Colleague: 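Supplied in structure tokens, the structure appears directly below.
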Amino acid sequence: MLIQNSIYLQEAQTEKAVGEKVSDEIVLSTQKGLIAVKLAVERGTTALYLSSEGDPTVYQRLIKMYEETDEVLNALKKWPRVSRDEPWQFQSRENLQSYIRDNRQVLLANQTTFGQQIEFYTNINVFFLSHVGDMVREGDTSKLWTTSVAYHMMLTSKDYIGLERAVGSIYFAKGGLSEEDEGRYHEARYRGQSFLDAARWYSPQTVAIFDREFQNTTLQNNILRMRETILKNEKTTPAVAEGLKWFDNMTTYISIFREAEKHLAGKIITISDDKVEKSSTEVTIDIVVLVLVIVASLLITSGIYRMANDTQSFASRLTEQTEELNEERQKAEKLLCQIFPKSIAQSMTKNKAVPPKYFDMVTIMFSDIVGFARISASLSSNQLIDLLNRLYHTFDSVIDQYDATKLDGSGGAYEVVSGLPTVNDGQHPGEIASLALHFLSAAEVFDPVHVSCKIKLRIGINTGPCVAGVVGYKRPRYQVFGDTVTTAKTLETTSEGNKIHISGATNEELVLTGVYKTMPRADVPKGMKGSKTFWLLSKATSKMAGSQDHSTFSVSLKVK
């Protein structure tokens with residue numbers, strides 16, 4: 001008993017020390033995040049200063065931002081651990097401050113460019129945000145993980161929005177953007193929104209605080225209007241005042257991020273403090289128990305301890321199992337709506353029979369990642385799951401914008417159908433065609449992170465009749481059957497990377513809309529029995545012809 005309680009005491013002390021370390025790391029990460037915020041504002045002000053050709057009002061703002069950035073740098077309690085391979089400017093606080101001062105002198109001497117300044121500040125922010133990610137790894141427990149990831153995603157999103165603010169200021173101050181700056185603006189805007197969506201997935205309650213402060217406000221309307229102006233990139237007369245207005249609106253927008261971050265940081269610190277307090281309590285209890293064991297009779301102490309421990313464990317298990325049961329029931333209901341189309345899931349929830357049904361005309365799409373087996377073999381299990389989670393999140397977000405239903409899929413494969421279980425009056429070919437083009441666009445801008453190559457998709461589409469229904473009892477699935485499905489799969493397997501392979505039936509339907517450009521395939525792919533197939537190239541945005549353009553991406557949809 002003495003040995004056992006000594007072990008308990010040592011474990012409790014170790015857990016307490018780990019909790020205190022995690023808490024300290026979280027406080028440091030919060031300070032690093034604040035430095036990234038100040039650097040992002042200084043980056044935007046610098047871009048506006050260069051664009052306005054030294055406007056006095058902007059100059060005063062710039063000097064003030066220098067003071068605020070220096071203040072938060074000096075307040076950092078401990079410099080991040082860096083390897084010898086890191087550039088010299090990140091080896092110490094003094095090196096970075098000297099590096100920043102030299103850049104400011106070059107800026108005020110008008111010996112730099114917009115691109116050089118944006119790259120300068122962005123590289124520093126990447127350094128600090130990467131070390132904020134260390135906190136995510138340090139706090140990777142069942143309670144801290146999702147909150148920590150959401151915090152990191154919010155910080156990264158805010159940095160990209162700060163970059164959007166900087167490049168947008170250049171547009172108003174110079175009356176237009178160069179091709180390079182225009183591409184930089186599109187990337188910053190897309191990545192900022194992507195990371196915000198990821199934060200919403202990990203901590204929806206916190207992002208809801210952000211939405212309440214921003215959605216349906218005058219600030220949102222002003223930013224949307226000015227974003228549309230920047231996206232058009234029409235040459236206008238330089239307007240420094242309009243650039244200041246854009247900068248102030250975006251700064252207010254970023255400040256809303258700060259409130260959400262404070263909420264997240266507070267939540268993380270509270271969880272860590274609770275763990276530290278719990279560990280301290282456990283240390284105290286273990287010391288008391290150890291003393292009682294030494295003084296009291298081994299037999300009596302052992303019996304009392306076992307009874308108390310068994311009672312506490314039983315009560316704890318009963319509470320945990322009750323909570324787990326409620327959570328699992330909610331998860332099961334939510335999962336049912338994710339696996340099946342909404343109308344099918346509602347019928348199954350009400351214990352209604354779902355008979356199979358024949359559909360005269362639907363359009364089915366199969367897509368797969370080129371070389372997925374090779375990619376998955378090169379990654380660790382954690383890296384592979386992270387890649388698939390982010391990829392599924394991206395493609396599922398695309399599917400949500402169309403009248404289409406996702407069916408079974410594995411790995412990087414997707415099966416999507418339009419025209420069932422709800423008939424959409426012949427709109428299914430256009431819905432799937434637009435969806436496929438959107439998939440290629442999303443894959444083009446998707447960042448695989450763990451691999452150096454871009455994700456390439458191979459897509460096949462076919463139109464025709466099919467039968468659909470729920471198959472299976474223990475693991476039911478909503479599936480479609482028929483030659484139409486088999487042909488669509490064959491079209492996908494015989495397609496090529498970043499190309500959309502469609503059947504003659506689908507091509508006839510798309511030609512009738514007048515908005516899609518296709519091209520006959522020169523060769524006859526194996527397995528198509530001599531049937532003529534086509535490549536889907538693009539969608540003509542100038543001819544709507546009653547077909548809605550769902551794409552929110554700014555890149556070209558044309559297949560090369």
Side-chain angles (χ1 to χ4, degrees), residues 335-368 392 395-396 398-436 439 458-495 500-513 525-534 536:
L335 184 60
L336 190 62
C337 291
Q338 292 176 343
I339 295 176
F340 298 97
K342 186 176 181 180
S343 60
I344 302 298
Q346 289 175 345
S347 297
M348 296 179 70
T349 302
K350 298 175 182 178
N351 292 324
K352 292 183 178 180
V354 184
K357 186 176 180 180
Y358 176 83
F359 294 89
D360 293 330
M361 191 70 69
V362 299
T363 298
I364 298 175
M365 181 189 88
F366 282 91
S367 74
D368 201 357
Y392 281 5
F395 288 163
D396 288 348
V398 172
I399 294 174
D400 288 342
Q401 302 177 43
Y402 298 86
D403 183 8
T405 300
K406 175 186 173 183
L407 300 178
D408 253 347
S410 62
Y414 257 75
E415 180 182 359
V416 185
V417 61
S418 180
L420 63 81
T422 302
V423 178
N424 55 12
D425 298 329
Q427 297 180 10
H428 48 89
E431 292 291 321
I432 292 296
S434 297
L435 171 63
F439 259 36
R458 186 175 59 240
I459 297 176
I461 301 174
N462 187 29
T463 300
C466 73
V467 174
V470 177
V471 179
Y473 293 98
K474 292 185 177 180
R475 300 176 64 184
R477 290 291 186 273
Y478 187 73
Q479 296 181 340
V480 294
F481 304 92
D483 290 341
T484 302
V485 181
T486 305
T487 302
K489 182 62 180 175
T490 303
L491 287 165
E492 178 267 314
T493 56
T494 57
S495 184
I500 303 171
H501 194 197
I502 65 175
S503 66
T506 303
N507 183 68
E508 291 178 4
E509 296 292 332
L510 295 180
V511 169
L512 293 176
T513 66
K526 184 179 180 181
M528 291 307 299
K529 301 177 181 179
S531 300
K532 189 173 184 180
T533 61
F534 298 79
L536 173 59

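Computation of the quantities below employed the complete heavy-atom set of this structure, encompassing side-chain atoms and omitting hydrogens, waters and symmetry-equivalent molecules. These numbers were taken from a predicted model, which means no experiment stands behind them.
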Colleague: Could you list the residues that satisfy side-chain hydrogen bond (donor to acceptor under 3.5 Å, both in side chains) with Thr490, not counting sequence neighbours?
Modeller: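 Not a single residue meets the side-chain hydrogen bond (donor to acceptor under 3.5 Å, both in side chains) criterion with Thr490.
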Colleague: Which atom names give the shortest non-hydrogen contact between Pro525 and His501, and what distance separates them?
Modeller: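 Scanning both residues, the minimum pair turns out to be CG-CE1, 3.6 Å.
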Colleague: Test of understanding: with side-chain contact (heavy atoms from CB on, under 4.5 Å), list the residues that count as partners of Thr487, not counting sequence neighbours.
Modeller: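 Thr487 satisfies side-chain contact (heavy atoms from CB on, under 4.5 Å) with Asn462, Leu491, Met528 once adjacent residues are dropped.
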Colleague: Among residues at least two apart in sequence or on other chains, which ones pass ring-ring contact (aromatic ring centres under 6.0 Å, His included) with His428?
Modeller: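 Not a single residue meets the ring-ring contact (aromatic ring centres under 6.0 Å, His included) criterion with His428.
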Colleague: I'd like to check the side-chain contact (heavy atoms from CB on, under 4.5 Å) partners of Lys532; sequence neighbours left out, ordered by chain and number.
Modeller: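 Pro520, Phe534.
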Colleague: With sequence neighbours excluded, what pairs up with Asp396 under the salt bridge (Lys or Arg N to Asp or Glu O under 4.0 Å) test?
Modeller: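 By the salt bridge (Lys or Arg N to Asp or Glu O under 4.0 Å) rule, Asp396 matches Lys406.
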Colleague: Could you tell me if the side chain of Pro356 sits less than 4.5 Å from the side chain of Phe481, heavy atoms only?
Modeller: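 Sidechains of Pro356 and Phe481: no contact.
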Colleague: Got a sec, which residues hit side-chain contact (heavy atoms from CB on, under 4.5 Å) with Gln427, two or more places apart in sequence or on another chain?
Modeller: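 Result, side-chain contact (heavy atoms from CB on, under 4.5 Å) vs Gln427: Asn424, Glu431.
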Colleague: Of all the heavy-atom pairs spanning Tyr358 and Pro465, show the shortest one and how long it is.
Modeller: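 So the two residues come closest at OH-CB, 3.2 Å.
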Colleague: Work out which heavy atom in Ile459 is nearest to a heavy atom in Ser495; give both atom names and the distance.
Modeller: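 Heavy atoms of Ile459 and Ser495 come nearest at O-OG, 3.3 Å.
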Colleague: So among Ile502, Thr484, Thr363, Leu510, which one has a side chain to side chain contact (heavy atoms under 4.5 Å, CB included) with Thr463?
Modeller: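 So, applying the side chain to side chain contact (heavy atoms under 4.5 Å, CB included) to Thr463 and each of Ile502, Thr484, Thr363, Leu510, only Thr363 qualifies.
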Colleague: Take Ser434 and Tyr402 through the side-chain contact (heavy atoms from CB on, under 4.5 Å) test and state the conclusion after the steps.
Modeller: CA-CA 8 Å; Ser434 297; Tyr402 298 86; 3.5 Å; yes
Colleague: Classify the angle between the aromatic ring planes of Phe439 and Phe395 as parallel (below 30°), tilted (30 to 60°) or perpendicular (above 60°).
Modeller: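 Parallel.
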Colleague: Indicate yes or no for a side-chain donor-acceptor contact from Arg458 to the backbone of Glu492 under 3.5 Å, with no hydrogens or angles considered.
Modeller: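 The answer is yes, because a donor-acceptor pair under 3.5 Å joins these two groups.
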Colleague: Test side-chain contact (heavy atoms from CB on, under 4.5 Å) on Val480 and Glu415 and set out the steps.
Modeller: CA-CA 10 Å; Val480 294; Glu415 180 182 359; 3.4 Å; yes
